A.B. asks: 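Here it is, the structure, as structure tokens.
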Amino acid sequence: MADDHGLGQGIWQRGGADVENLPDPFSRAAPAGGAVPPVEPPRKSRWRWLRWGFNAFAALLLVTIIWLIVTAPLGRALEPLQDPAMLLLSEEGRPIARRGAVKDEPVDVTRLDPMTPAAFIAIEDRRFRTHWGIDPRAIGRAMVANARAGGVRQGGSTLTQQLAKTSFLSSDRSFKRKAQEVIIAFWLEGWLTKDEILSRYLSSVYFGDGVYGLRAASRHYFDREPERLTLAQSAMLAGMVQAPSRLAPTRNLALAQKRSRLVLQAMADTGVITQARARATTSARPNGNVSDVPTGTYFADWVAPQATQAFDADYGEVKVETTLDADLQRLAVRAIGGANIGDAQAALVAMRPDGRVVAMVGGRNYAKSPFNRATQARRQPGSAFKLFVYLAAMRAGYRPDSLIEDRPVTVDGWSPGNNDGVYRGKITLREAFLRSSNAATVRLAEQVGRQNVIRAARDLGIDSPLTDRPSLSLGTSGVSLLELTSAYAALAGGRYPVEPRGLPLADEEEGGLASFFARGGRLDDRRDRAPMLDLLWAAANEGTGRRAALATPTFGKTGTTQNNRDALFIGFAGNLVVGVWVGRDDNGSLGKITGGSAPAQIWRRFMAPAIAVDGRRGPPLPSQFKVPQRRQPERKSPLPDEWSEGGETIREIIDLVEKLIDEN
């Protein structure tokens with residue numbers, strides 16, 4: 001045992017102590033007394049955070065570059081505007097309105113007079129040729145100036161930053177947008193030369209008056225190409241870009257010339273020109289052709305969305321032919337302007353039976369109120385809606401000579417009354433229509449079914465919401481004047497629905513491809529169209545609309561809403577279908593005005609000369625319909641009856657004398 005212990009002592013001891021009593025080299029030794037020392041957290045390396053920050057910045061930069069390549073092509077500033085300027089032309093080719101902004105072909109600074117790009121650089125970015133997209137000195141100077149002024153008075157943006165903002169970003173003033181602007185500016189500087197950047201800037205910057213780019217601006221203000229601009233003209237254009245709307249010489253020539261003097265002085269300060277030349281240069285004056293074509297009209301506002309879809313984006317001004325007839329438009333404006341309706345509003349729309357709008361007036365004064373009451377307002381049509389009730393009746397087998405009770409009626413607790421307070425008992429549908437009997441119409445609508453009335457309205461193109469209630473037949477659901485006139489056009493042409501439009505189709509002729517593929521169908525001449533023409537003729541010549549009657553066969557219907565809030569006359573003659581509305585924007589009463597008074601008179605005031613000017617025959621009438629002879633009202637002598645006493649004897653003597661003369 002002793003030997004064993006001795007052997008073990010040599011092997012299992014270290015430093016005179018047993019191995020098993022030595023501290024574990026792989027664990028932390030507890031200090032004397034059993035106290036555990038505090039654990040020190042590992043030290044974070046600053047380099048690790050810097051590495052993470054650098055990697056994040058690199059990833060963000062990579063994503064930004066990819067985003068720029070995909071969404072911000074370098075040639076965007078050279079592209080035409082997505083909504084280019086349009087010159088709307090009448091059917092005869094006369095300019096009627098100009099819409100949108102103008103941007104012409106790009107410019108190449110290497111082909112311009114050196115003074116032209118130098119003027120922009122001198123006033124906007126003096127160190128353009130040397131900086132890398134941003135100018136710290138300009139930014140610092142602007143910050144100091146703005147701090148002294150207590151607000152934003154100067155900007156430190158370079159031409160590259162301005163190009164980045166106008167071509168790729170919004171005009172919002174935010175830190176995010178400014179950061180994006182700086183990144184794009186560095187990107188542009190890395191991919192383009194200075195001349196390419198300047199060319200893109202000059203080709204896209206705004207110069208006021210709805211003009212973008214140096215080529216369009218030089219043509220607009222000075223009627224010359226940008227390659228031929230003088231020093232004074234270049235200085236004026238360069239001075240405008242700071243505040244185009246305020247510094248345009250067509251709006252404030254004195255201010256524009258004052259600004260151009262600052263540009264010339266800046267060019268002298270940078271050594272581009274001498275001080276003597278700057279002082280000797282006379283300020284420019286605009287000599288471009290200032291157009292008197294209006295930028296907005298009721299018709300132009302309505303047709304513009306159709307026109308923008310009819311062509312692709314292009315440089316310059318796009319000429320768009322429309323269906324408007326300039327002569328008929330003047331007659332429409334005159335008819336509305338001369339209306340005796342006090343301070344009420346009025347609207348008129350005239351179209352061909354196929355839907356081509358040839359005249360449109362949406363109010364009495366576009367400058368005071370551009371709201372288009374012919375297309376945007378949905379007002380109650382009143383009795384003009386009865387067209388669909390009687391069409392539904394014709395489809396159900398009724399005829400104009402069918403009888404209907406014109407007596408008080410109550411439907412679901414509602415009792416409509418005739419406007420004149422007279423009930424005529426059993427009358428024909430023709431008389432009910434021409435007298436615009438409310439009681440007879442409501443009774444007829446209930447007999448044929450309100451759903452069939454709604455279906456007739458939908459077939460003829462009424463898209464506005466229609467409420468299924470007893471008062472529907474009296475026109476209590478709001479519709480636009482344009483769609484109501486289009487519905488009457490379906491009766492005029494025999495095809496439904498009629499789509500109102502302001503642009504000509506490629507195939508306008510009857511029976512062409514456009515007509516062949518048109519949706520809808522034709523009205524049955526015998527069952528629908530002929531009897532409805534009978535009713536419309538009676539209403540316009542013998543009924544409530546007789547003040548609109550012309551020598552030309554006239555068809556139409558009046559409409560007056562409750563408390564005389566709206567008054568209408570819709571009708572057609574020759575090759576024109578015309579709707580007239582009179583009312584107040586506040587929906588107030590018109591007093592004594594009804595559809596058979598002012599609207600019918602406006603309609604006739606327009607149609608009488610319009611038919612003479614137009615001279616076009618309308619669609620052929622169905623063979624089943626013969627235009628009736630207008631019955632002349634009996635003329636009564638204005639003299640009192642007692643003044644005619646004893647006149648019989650004199651007439652007998654005259655008759656006897658005439659008989660003797662004939663016998664001899």
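The first residue of the sequence shown is numbered 1, and numbering continues consecutively from there. Fair warning: this is a prediction, and the values are worked out from it, not measured in the lab.
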A.B. asks: Out of curiosity, F120 CZ to L198 CG, how far, rounded to the nearest 0.5 Å?
C.D. replies: 8.5 Å

A.B. asks: Under a 3.5 Å distance rule, please check whether Q161 uses its side chain to pair with a backbone N or O of T158 as donor and acceptor.
C.D. replies: yes

A.B. asks: Is any side-chain heavy atom of I570 closer than 4.5 Å to a side-chain heavy atom of F385?
C.D. replies: no

A.B. asks: How about R224 and L229: do any of their side-chain heavy atoms sit closer than 4.5 Å?
C.D. replies: yes

A.B. asks: Atom CD1 in I602, atom CD1 in I341: separation rounded to 0.5 Å?
C.D. replies: 5.0 Å

A.B. asks: Can you tell whether the side chains of E227 and R215 come within less than 4.0 Å, N to carboxylate O?
C.D. replies: yes

A.B. asks: Rounded to the nearest 0.5 Å, what's the gap from CG on D108 to CG on D195? Could you check?
C.D. replies: 7.5 Å

A.B. asks: Could you check whether any side-chain heavy atom of V211 comes within less than 4.5 Å of a side-chain heavy atom of R219, counting everything from C-beta outward?
C.D. replies: no

A.B. asks: Given 3.5 Å as the limit, does a donor-acceptor pair link the side chain of S203 with the main chain of V107, or not?
C.D. replies: yes

A.B. asks: List the steps and the verdict of side chain to side chain contact (heavy atoms under 4.5 Å, CB included) for N372 and M360.
C.D. replies: CA-CA 9 Å; N372 194 334; M360 178 181 288; 3.5 Å; yes

A.B. asks: For the pair S199 (side chain) and V109 (backbone), establish whether a donor and an acceptor sit closer than 3.5 Å, ignoring hydrogens and angles.
C.D. replies: yes

A.B. asks: Please check this pair: side chain of S480 against backbone of Q376, looking for a donor-acceptor N/O pair closer than 3.5 Å.
C.D. replies: no

A.B. asks: Would you call R356 and D354 a salt bridge, using N to O less than 4.0 angstrom?
C.D. replies: yes

A.B. asks: Counting only N and O atoms by type, is there a donor-acceptor contact under 3.5 Å from the side chain of K194 to the main-chain atoms of F128?
C.D. replies: yes

A.B. asks: Do V318 and L87 have side chains that get closer than 4.5 Å, going by heavy atoms?
C.D. replies: no

A.B. asks: Sub-3.5 Å donor-acceptor pair from the side chain of Y488 to the main-chain atoms of A384, do we have one?
C.D. replies: yes

A.B. asks: Whether R584 and D586 form a salt bridge (side-chain N of Lys/Arg under 4.0 Å from carboxylate O of Asp/Glu) is what I want to check.
C.D. replies: no

A.B. asks: Would you mind reporting whether T116 and Q233 have side-chain heavy atoms less than 4.5 Å apart?
C.D. replies: no

A.B. asks: Does any N or O in the side chain of Q306 come within less than 3.5 Å of the main-chain N or O of G502, such that one atom is a donor and the other an acceptor?
C.D. replies: yes

A.B. asks: With a sphere of 6.0 Å drawn around CD of E321, does it hold more than 12 non-hydrogen atoms of other residues, nucleotides or ligands?
C.D. replies: no

A.B. asks: Using a 4.5 Å cut-off on heavy atoms from C-beta on, say whether the side chain of V303 contacts that of V320.
C.D. replies: no

A.B. asks: Do L264 and L231 have side chains that approach each other closer than 4.5 Å (heavy atoms only, starting at C-beta)?
C.D. replies: yes

A.B. asks: Are side-chain heavy atoms of H131 and E189 found at a separation under 4.5 Å?
C.D. replies: yes

A.B. asks: For a side chain to side chain contact (heavy atoms under 4.5 Å, CB included) with I336, tell me which candidate from L331, V582, V361 qualifies.
C.D. replies: V361

A.B. asks: Drop me the distance from T323's OG1 to L505's CG, to the nearest 0.5 angstrom.
C.D. replies: 9.5 Å

A.B. asks: P465 and S477: which non-hydrogen atoms are nearest, and at how many Å?
C.D. replies: O-CB, 3.7 Å

A.B. asks: Determine the minimum heavy-atom distance between V357 and P500, stating which atoms define it.
C.D. replies: CG2-CB, 4.4 Å

A.B. asks: Would you find a donor on one side and an acceptor on the other, under 3.5 Å apart, between the side chain of D125 and the backbone of L159?
C.D. replies: yes

A.B. asks: Please report the closest heavy-atom contact between P117 and L112, naming both atoms and the distance.
C.D. replies: CD-CB, 4.2 Å

A.B. asks: Above 12 or not: heavy atoms from other molecules or residues under 6.0 Å from CZ of R129?
C.D. replies: yes

A.B. asks: Could you check R373 against R379 for side chain to side chain contact (heavy atoms under 4.5 Å, CB included), going step by step and ending with a plain yes or no?
C.D. replies: CA-CA 9 Å; R373 296 157 187 85; R379 304 292 290 255; over 6 Å; no

A.B. asks: So, Q345 side chain and R364 main chain: donor-acceptor pair closer than 3.5 Å or not?
C.D. replies: yes

A.B. asks: Output the distance between atom CD (E91) and atom OG1 (T322), rounded to the nearest 0.5 Å.
C.D. replies: 8.0 Å

A.B. asks: Answer yes or no: are there more than 12 heavy-atom neighbours, outside R285 itself, under 6.0 Å from its atom CZ?
C.D. replies: no

A.B. asks: Please report the closest heavy-atom contact between W603 and V578, naming both atoms and the distance.
C.D. replies: NE1-O, 3.0 Å

A.B. asks: Might you point out which heavy atoms bring T552 and T554 nearest each other, and give the distance in Å?
C.D. replies: O-OG1, 2.8 Å

A.B. asks: Can you measure from CG (L328) to CD1 (I611) and round to the nearest 0.5 angstrom?
C.D. replies: 10.5 Å

A.B. asks: So with a 6.0 Å cut-off around CZ of R334, is the heavy-atom count from everything else above 12?
C.D. replies: no

A.B. asks: Looking at every non-hydrogen atom in both residues, tell me the closest pair between L253 and P286 and how far apart they are.
C.D. replies: CD1-CD, 3.6 Å

A.B. asks: If you apply the rule side chain to side chain contact (heavy atoms under 4.5 Å, CB included), what do you find for R251 with R246, and how did you get there?
C.D. replies: CA-CA 7 Å; R251 302 190 180 195; R246 184 169 57 91; over 6 Å; no

A.B. asks: When L491 is tested against each of Y496, F555, F572 for side chain to side chain contact (heavy atoms under 4.5 Å, CB included), which residue passes?
C.D. replies: F572

A.B. asks: Report the C-alpha separation of F207 and L214 in whole Å, then their side-chain angles, then the decisive distance to 0.1 Å, and conclude whether the side chain to side chain contact (heavy atoms under 4.5 Å, CB included) test is met.
C.D. replies: CA-CA 8 Å; F207 286 93; L214 184 63; 4.1 Å; yes

A.B. asks: Using atom types as modelled and distance alone, determine if a side-chain donor or acceptor of E483 lies under 3.5 Å from a backbone N or O of D463.
C.D. replies: yes

A.B. asks: Among R616, M607, M351, which residue meets the side chain to side chain contact (heavy atoms under 4.5 Å, CB included) test with L576?
C.D. replies: M607

